[in-house]
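Notes for the one structure printed next.
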Amino acid sequence: MKITKAIFPAAGFGTRFLPATKAIPKEMLPLVDKPLIQYGVEEARDSGLKEIIIVTGMGKTAIEDHFDTSVELELLLKERGKKELLKIIRKIADKVHFAYTRQSEPLGLGHAIHITKNLVGNESFAVFLSDDIIDSDVPVMKQMLSVFKEKQSPVIAVQKVPKSKTHLYGVIKGKKVGPRTYRVLDLVEKPKSSPPSNLAVIGRYILTPGIFKALERTPRGRGGELQLTDGLRELLKSEEVYAYEFSGTRFDAGDKAGFLQANISYALKRKDMARELRLFLKKLKL
Ligand code: G1P
């Protein structure tokens with residue numbers, strides 16, 4: 001079965017970035033000069049996914065505007081002969097189609113996914129959490145799609161983290177079945193103690209439509225929210241689930257320090273900025 005749809009949950013309040021996110025969606029915070037969510041959308045597109053479904057909420061219209069055509073802006077750039085900028089602006093929504101749905105209550109990631117049930121239909125689909133920025137040669141979703149092609153079962157992205165950090169993630173208990181690939185035997189959302197391993201769930205998932213029924217059977221979990229991790233645990237009762245230890249550098253852009261690290265790292269890769277930034281960093285007496 002070919003996967004075409006990518007879900008982007010984006011209804012959260014972004015409280016960790018207040019006051020910056022009081023009037024601006026967290027997903028629109030710039031990583032160098034592109035909003036966070038655009039990195040995920042480009043990863044989806046570069047992995048061959050053309051249908052982008054964004055789950056938004058109150059105060060998130062900037063996301064829709066960003067991926068829409070701005071006739072006035074394009075006209076202005078054309079008149080001023082700003083060809084390069086015009087190209088960049090037009091490329092934002094190139095080759096993909098956007099659909100939006102709203103999560104009107106903050107009931108968790110599992111709930112945000114369940115809202116897309118009718119839009120997704122009876123197909124497998126991908127999920128991107130735009131806080132997780134991953135710099136890699138081969139887009140992470142593309143890496144995961146090759147595992148899905150072979151297994152035809154859900155695939156979760158995982159990464160080894162220090163034991164002291166496992167309480168911040170969904171954590172899997174897995175059995176290695178191939179290079180970088182694990183069969184998931186169990187998974188726990190943000191374990192307070194005794195994590196089943198150091199393999200943490202990172203925000204990229206390939207899910208089968210069975211997840212919708214599984215979520216319907218799942219009670220609310222951590223923080224009183226419907227957790228996707230708990231839904232996957234329920235899904236384990238009826239389907240095999242795999243985890244893939246992707247290759248790439250991941251930044252937690254949902255965390256202030258991680259967001260800054262991502263900015264520095266991406267800026268250092270930019271020809272137009274690297275030299276000056278490197279000189280500045282060298283001058284800092286750290
Ligand atoms: C979510 C998931 C968690 C996962 C994490 C990855 O948590 O619930 O299982 O490990 O994303 O970034 P959040 O960071 O949104 O609290």
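The main-chain N or O of Ala262 is never found under 3.5 Å from a side-chain atom of Ser265 such that the two would form a donor-acceptor pair. Looking only at distances, no side-chain donor or acceptor of Thr15 sits under 3.5 Å from a matching main-chain atom of Phe13. For Glu240 (side chain) and Ser153 (main-chain N/O), no donor-acceptor pair under 3.5 Å exists by modelled atom type. Between the side chain of Arg183 and the backbone N or O of Val241, no donor-acceptor pair lies under 3.5 Å. A distance-only check finds a donor-acceptor pair linking the side chain of Thr218 to the backbone of Ala214 [under 3.5 Å]. Between the Gln103 side chain and the Gly108 main chain, a donor and an acceptor come within less than 3.5 Å of each other.
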Item to complete: Under the side-chain hydrogen bond (donor to acceptor under 3.5 Å, both in side chains) rule, what do Glu105 and His111 come out as? Steps first, then yes or no, please.
Response: CA-CA 9 Å; Glu105 292 170 286; His111 179 251; 4.9 Å; no
Practice prompt. Apply side-chain contact (heavy atoms from CB on, under 4.5 Å) to the pair Ile37 and Phe67, showing each step before the final yes or no.
Written response: CA-CA 10 Å; Ile37 193 167; Phe67 291 114; 3.8 Å; yes
Discussion item. side-chain contact (heavy atoms from CB on, under 4.5 Å), that's the test. Do Leu49 and Met141 meet it? Break it down for me.
Written reply: CA-CA 9 Å; Leu49 309 179; Met141 187 49 72; 3.9 Å; yes
Discussion item. Walk me through whether Val171 and Thr229 qualify under side-chain contact (heavy atoms from CB on, under 4.5 Å).
Written reply: CA-CA 9 Å; Val171 181; Thr229 304; over 6 Å; no
Worksheet entry | Stepwise side-chain contact (heavy atoms from CB on, under 4.5 Å) test for Gln261 and Asp252 | CA-CA 9 Å; Gln261 286 162 24; Asp252 180 5; over 6 Å; no
Worksheet item: Would Glu42 and Lys34 count as a salt bridge (charged side-chain N to carboxylate O under 4.0 Å, His left out) if you check the C-alpha gap in whole Å, the side-chain angles of each, and the deciding distance to 0.1 Å?
Response: CA-CA 11 Å; Glu42 288 177 359; Lys34 278 194 285 191; 2.8 Å; yes
Discussion item. For a salt bridge (charged side-chain N to carboxylate O under 4.0 Å, His left out) check, start with the C-alpha distance between Asp135 and Arg250, then their side-chain angles and the critical distance, and finish with the verdict.
Written reply: CA-CA 6 Å; Asp135 189 9; Arg250 174 253 180 185; over 6 Å; no
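For Tyr169, the ring pair (Phe, Tyr, Trp, His ring centres under 6.0 Å) test picks out no residue, with sequence neighbours left out. When the salt bridge (Lys or Arg N to Asp or Glu O under 4.0 Å) test is applied to Arg45, no partner is found at least two apart in sequence or on another chain. By the side chain to side chain donor-acceptor pair (under 3.5 Å) test, Gln159 pairs with no residue at all, sequence neighbours left out. Under the side chain to side chain donor-acceptor pair (under 3.5 Å) criterion, Asp255 pairs with no residue, sequence neighbours left out. The side chain to side chain donor-acceptor pair (under 3.5 Å) search around Glu225 returns none, not counting sequence neighbours. Partners of Lys117 according to the salt bridge (Lys or Arg N to Asp or Glu O under 4.0 Å) rule, which considers only residues two or more places apart in sequence or in another chain, are Glu216. Partners of Thr101 by side chain to side chain donor-acceptor pair (under 3.5 Å), not counting sequence neighbours: none found. For Phe17, the ring pair (Phe, Tyr, Trp, His ring centres under 6.0 Å) partners at least two apart in sequence or on another chain are Phe259.
Under a cut-off of 6.0 angstrom, the local environment of CG in Asp94 is crowded, with over 12 non-hydrogen atoms contributed by other residues, nucleotides or ligands. The 12-atom threshold is not exceeded at CZ of Arg275, counting heavy atoms of other residues, nucleotides or ligands nearer than 6.0 Å. Within 6.0 Å of CZ on Arg217 lie more than 12 heavy atoms contributed by other residues, nucleotides or ligands. Counting non-hydrogen atoms of neighbouring residues, nucleotides and ligands closer than 6.0 angstrom, the CG atom of Asn122 reaches no more than 12 such neighbours.
Once rounded to the nearest 0.5 Å, the distance linking OG of Ser47 with CE of Met144 reads 9.5 Å. Going from atom CE of Met28 over to atom OG1 of Thr21 covers 13.5 Å, rounded to the nearest 0.5 Å. Separation of atoms OG (Ser136) and CZ (Phe246) is listed at 8.5 Å; rounding is to 0.5 Å. The CG atom of Leu119 sits 5.0 Å away from atom CD1 of Ile53, with the distance rounded to the nearest 0.5 Å. The CD1 atom of Ile156 sits 13.5 Å away from atom CD of Glu245, with the distance rounded to the nearest 0.5 Å. In this structure, Arg102 CZ and Ile115 CD1 are separated by 11.0 Å, a value rounded to the nearest 0.5 Å.
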For residues 195-208, which side-chain N or O atoms pair as donor and acceptor with protein atoms under 3.5 Å away, sequence neighbours left out?
residue : atom : partner : partner atom : Å
Ser197  : OG   : Ile172  : O            : 2.5
Ser197  : OG   : Leu199  : N            : 2.9
Arg204  : NE   : Glu43   : OE1          : 3.1
Arg204  : NE   : Glu43   : OE2          : 3.0
Arg204  : NH1  : Leu129  : O            : 3.2
Arg204  : NH1  : Asp132  : O            : 3.2
Arg204  : NH2  : Glu43   : OE1          : 2.9
Arg204  : NH2  : Asp132  : O            : 2.8
Thr208  : OG1  : Glu239  : OE1          : 2.7
Thr208  : OG1  : Glu239  : OE2          : 3.4

Can you list, pair by pair, the side-chain donor-acceptor contacts under 3.5 Å of residues 70-89, counting residues two or more places apart and other chains?
residue : atom : partner : partner atom : Å
Ser70   : OG   : Leu73   : N            : 3.3
Glu74   : OE1  : Arg90   : NE           : 3.2

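The hydrophobic clustering, which links ILVMFWY residues whose side-chain heavy atoms are closer than 4.5 Å, places Leu36 and Phe251 together. Following chains of ILVMFWY side-chain contacts shorter than 4.5 Å, one can reach Leu232 starting from Val158, so the two form part of one hydrophobic cluster. No path of Ile, Leu, Val, Met, Phe, Trp and Tyr side chains, each step under 4.5 Å between heavy atoms, connects Val188 with Leu235, placing them in separate hydrophobic clusters.
Between Arg233 and Glu189, no side-chain nitrogen of the basic residue sits less than 4.0 Å from a carboxylate oxygen of the acidic one, so the salt-bridge criterion is not met. In summary, Asp131 and Lys26 engage in a salt bridge, as defined by a charged side-chain N under 4.0 Å from a carboxylate O.
Among pairs with a residue in residues 49-63, those fulfilling side-chain hydrogen bond (donor to acceptor under 3.5 Å, both in side chains) read Glu27-Lys60, Glu51-His97, at least two apart in sequence or across chains. Each ring-ring contact (aromatic ring centres under 6.0 Å, His included) pair with one or both residues in residues 18-48, not counting sequence neighbours, appears once here: Tyr39-Tyr266.
Cation-pi check for Lys151 over Tyr242 is met; the charged atom lies under 6.0 angstrom from the ring centroid and within 45 degrees of its normal.
Counting heavy atoms from C-beta outward, Leu168 and Lys190 have side chains that stay 4.5 Å or more apart.
The aromatic rings of His114 and Phe212 lie perpendicular to each other, with more than 60° between the two planes, well past the 30° mark.
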